[in-house]
Amino acid sequence: MKKLLSFFSILALFSISLFAKEPALTYNKDKAIVDTGSVKFEDIGAKETVSRMITGWNLGNTLDANNGSRAGLSSETCWSQPKTTKEMIDGLAKSGIKTIRIPVSWSNHIIDKNYTIDPKWMARVKEIVDWAIENDMYVILNSHHDVYHSNTTMPYGKGYYPSSKNYDESAAFLRNLWSQISLAFNKGYDEHLIFETLNEPRLRGTSQEWWFDASRKESLDAADVLNKFNQLIVDTIRSSKGNNANRCIMVPGLAASPNSALVKEFIIPKDKKADHLIISVHMYTPYSFAMESPGQTVFTERLKNELAQTMISLDKKFVQNGYPVVIGEYGATNKNNLEERVKWFEFFNSFARKHGMTAVLWDNGSYQVSGTDYNEKYGFYNRRNQTWYFPEILDAILKGCSNQE
């Protein structure tokens, strides 16, 4: 009987996926920012784009910050990062960084009951994107902390959640959001601008938040719903035509985990421009060295092999089949082990580039260690004076990108 119920549960999920309705567009067009520019678009495809991106950096804990007590433009600094300036972006470019990922949270900037994004917020995002484009940098623009906090019934306009239960509200939010982003960023932006559908879409508030479990119906449902979200966003972007018809788009699996991308349940969206799709993953790998506190402080051969095997698996499944990979977030937390981190960063970038991937450093501004608390010490670039806290790490990154093992 349990097997029979399981069969019908899976069939129901498949039916939901097959017959899901496209949500209506309701945002206020009079308040939406429309891109009126016109630039030449070099249609080089995903493989060449990822090759030219070389190495990148994240404007972390800034436009993605979403403290409910800080609304409007002031939310940019609510997680203790300084207001972004042109000098910051200029300094990154001068230091050799070729790509900037600009994480943006949008659900805390909805201004009406039609999912309309605050035009002042959209203008601020455009301003920072433009500074990077002026420096001939590649820019990744995404939807960041917009995944809802639990699988309860979602209220209006609070983002999305990868479950069938919350599909309708989530899909309405995502289609309206990406329609507005696509309207604001189109013909005035060439191939240097890349869209990323979602950041770490996951089952927040559950035991499966960071781990896909094929034996659990919640994980299977989430994977299926995420496939629909990715498809919906790709279709929305492409339907805006102009330069967006040929723009590269990054798509993640659950939690942007390599393991979730490697499972058969992850389906790459259908796209007439399939050679313009990029797989998005995050790699704080090996976890015991790169993230765990206290974890391990020495980058051993065993840990190097663990990292290498993950990249080889991504190469085999995606890169060798025409889908390059961007590691949208990576880093090794500061454990007062600079020499070992330098080894890790050089190897990470060298091996990634050899296997058709470009890595984008996560930077949350926090770098100082107190005792043995190594949690989230991912500060690298001093935004206030345009220097690097650990210039040895920057050198290792650039060296790794130029010396592919």
Side-chain angles (χ1 to χ4, degrees), residues 44 46-64 81 84 88-104 125 128-142 144 189-197 199-200 247-252 256 258 278-285 290 311 314 319 324-332 344-365 378-383 386 388-391 393-402 404:
I44 56 177
K47 181 179 179 180
E48 181 61 23
T49 296
V50 172
S51 177
R52 294 185 188 185
M53 291 167 71
I54 303 177
T55 191
W57 177 88
N58 272 272
L59 184 66
N61 286 22
T62 306
L63 298 186
D64 54 316
Q81 294 309 300
T84 307
M88 290 182 195
I89 309 302
D90 293 345
L92 281 168
K94 289 177 182 177
S95 67
I97 299 298
K98 186 61 179 174
T99 297
I100 180 170
R101 183 171 179 255
I102 302 179
V104 182
V125 175
I128 297 174
V129 170
D130 289 348
W131 289 336
I133 296 293
E134 289 167 9
N135 275 290
D136 198 34
M137 300 174 80
Y138 285 87
V139 176
I140 300 168
L141 185 62
N142 76 354
H144 206 77
Y189 296 85
D190 66 10
E191 70 283 353
H192 283 80
L193 177 62
I194 299 160
F195 290 150
E196 179 184 27
T197 58
N199 171 77
E200 297 180 346
R247 193 170 305 286
C248 285
I249 303 173
M250 292 167 54
V251 294
I278 299 168
I279 306 303
S280 174
V281 300
H282 293 175
M283 287 182 62
Y284 298 91
T285 310
M311 290 187 178
L314 291 168
V319 180
V325 172
V326 166
I327 302 168
E329 291 183 20
Y330 82 108
W344 183 87
F345 275 102
E346 182 176 346
F347 177 79
F348 192 107
N349 283 277
S350 173
F351 207 79
R353 293 292 290 170
K354 178 183 176 181
H355 290 272
M357 307 177 206
T358 287
V360 186
L361 180 65
W362 178 252
D363 194 324
N364 63 5
Y378 293 109
F380 298 96
Y381 179 61
N382 188 327
R383 307 181 197 186
Q386 292 79 63
W388 290 78
Y389 297 121
F390 308 100
I393 289 178
L394 174 63
D395 291 343
I397 291 171
L398 298 177
K399 182 178 178 182
C401 289
S402 61
Q404 301 170 25

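The first residue of the sequence shown is numbered 1, and numbering continues consecutively from there.
- Here the side chains of K98 and R52 are not in contact, with every heavy-atom distance at 4.5 Å or above.
- Considering only heavy atoms from C-beta on, I89 comes within 4.5 Å of T84 through its side chain.
- For the atom pair CG (L92) and CE (M137), the distance works out to 5.0 Å, reported to the nearest 0.5 Å.
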List the steps and the verdict of side chain to side chain contact (heavy atoms under 4.5 Å, CB included) for R101 and N199.
CA-CA 11 Å; R101 183 171 179 255; N199 171 77; 2.9 Å; yes
Would Y284 and Y378 count as a ring-ring contact (aromatic ring centres under 6.0 Å, His included) here? Give the steps.
CA-CA 11 Å; Y284 298 91; Y378 293 109; 5.4 Å; yes
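- For the pair P258/L314, a side-chain contact is recorded, criterion being any heavy-atom separation below 4.5 Å from C-beta on.
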Take V325 and V319, measure what side chain to side chain contact (heavy atoms under 4.5 Å, CB included) needs, and give me the verdict at the end.
CA-CA 7 Å; V325 172; V319 180; 4.0 Å; yes
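- A donor-acceptor contact shorter than 3.5 Å is absent between the side chain of N58 and the backbone of I102.
- For the residue pair I327 and M311, the shortest heavy atom distance occurs at CD1-CE, 4.2 Å.
- Considering only heavy atoms from C-beta on, T197 comes within 4.5 Å of P252 through its side chain.
- Distance check: E346 CD to N349 CG gives 9.0 Å after rounding to the nearest 0.5 Å.
- Looking at every heavy atom in both residues, H144 comes nearest to N142 through ND1-ND2, 3.1 Å.
- Put simply, the side chain of E196 does not reach to within 4.5 Å of the side chain of L141, judged on heavy atoms.
- The cationic group of R247 lies under 6.0 Å from the six-membered ring centre of F195 and within 45° of the ring axis, placing it in a cation-pi geometry.
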Intermediate values then yes/no, side chain to side chain contact (heavy atoms under 4.5 Å, CB included), V326 and I279
CA-CA 6 Å; V326 166; I279 306 303; over 6 Å; no
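- Considering only heavy atoms from C-beta on, I278 stays 4.5 Å or farther from V251 through its side chain.
- A donor-acceptor distance shorter than 3.5 angstrom exists from the side chain of N135 to the backbone of W131, with no hydrogens or angles considered.
- Side chains of Y189 and D130 form a contact here, defined as non-hydrogen atoms less than 4.5 Å apart.
- The CD1 atom of I140 sits 12.5 Å away from atom NE2 of H192, with the distance rounded to the nearest 0.5 Å.
- When ring centroids are compared, F348 and Y330 come within the 6.0 Å threshold.
- For the residue pair Q81 / T62, no side-chain donor-acceptor distance below 3.5 Å is found, with atom types taken as modelled.
- With a 4.5 Å cut-off on side-chain heavy atoms, S51 and R353 count as touching.
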Let's go through M357 and V50 carefully: what are the C-alpha distance in whole Å and the side-chain angles of both, what is the deciding distance for side chain to side chain contact (heavy atoms under 4.5 Å, CB included) to 0.1 Å, and is it a yes or a no?
CA-CA 7 Å; M357 307 177 206; V50 172; 5.7 Å; no
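- Distance OG1/T99 to CG/L361: 12.0 Å, rounded to 0.5 Å.
- Here the shortest heavy-atom pairing between T358 and I54 reads CG2-O, 3.5 Å.
- Results of the ring pair (Phe, Tyr, Trp, His ring centres under 6.0 Å) test with F380 over W388, W362, F345 single out F345 as the only residue that passes.
- A ring-centre distance under 6.0 Å is found for W57 and Y381.
- Taking every heavy atom of both residues into account, C248 and T49 meet most closely at SG-OG1, 3.7 Å.
- The two residues G331 and A290 come nearest to each other via the heavy atoms O-CB, 3.4 Å.
- Annotation for I397 and T55: closest pair CG2-OG1, 3.3 Å, computed over non-hydrogen atoms.
- Distance check: K94 NZ to I97 CD1 gives 15.0 Å after rounding to the nearest 0.5 Å.
- Atoms CZ and CG, from R383 and L59 in turn, are 5.0 Å apart once rounded to the nearest 0.5 Å.
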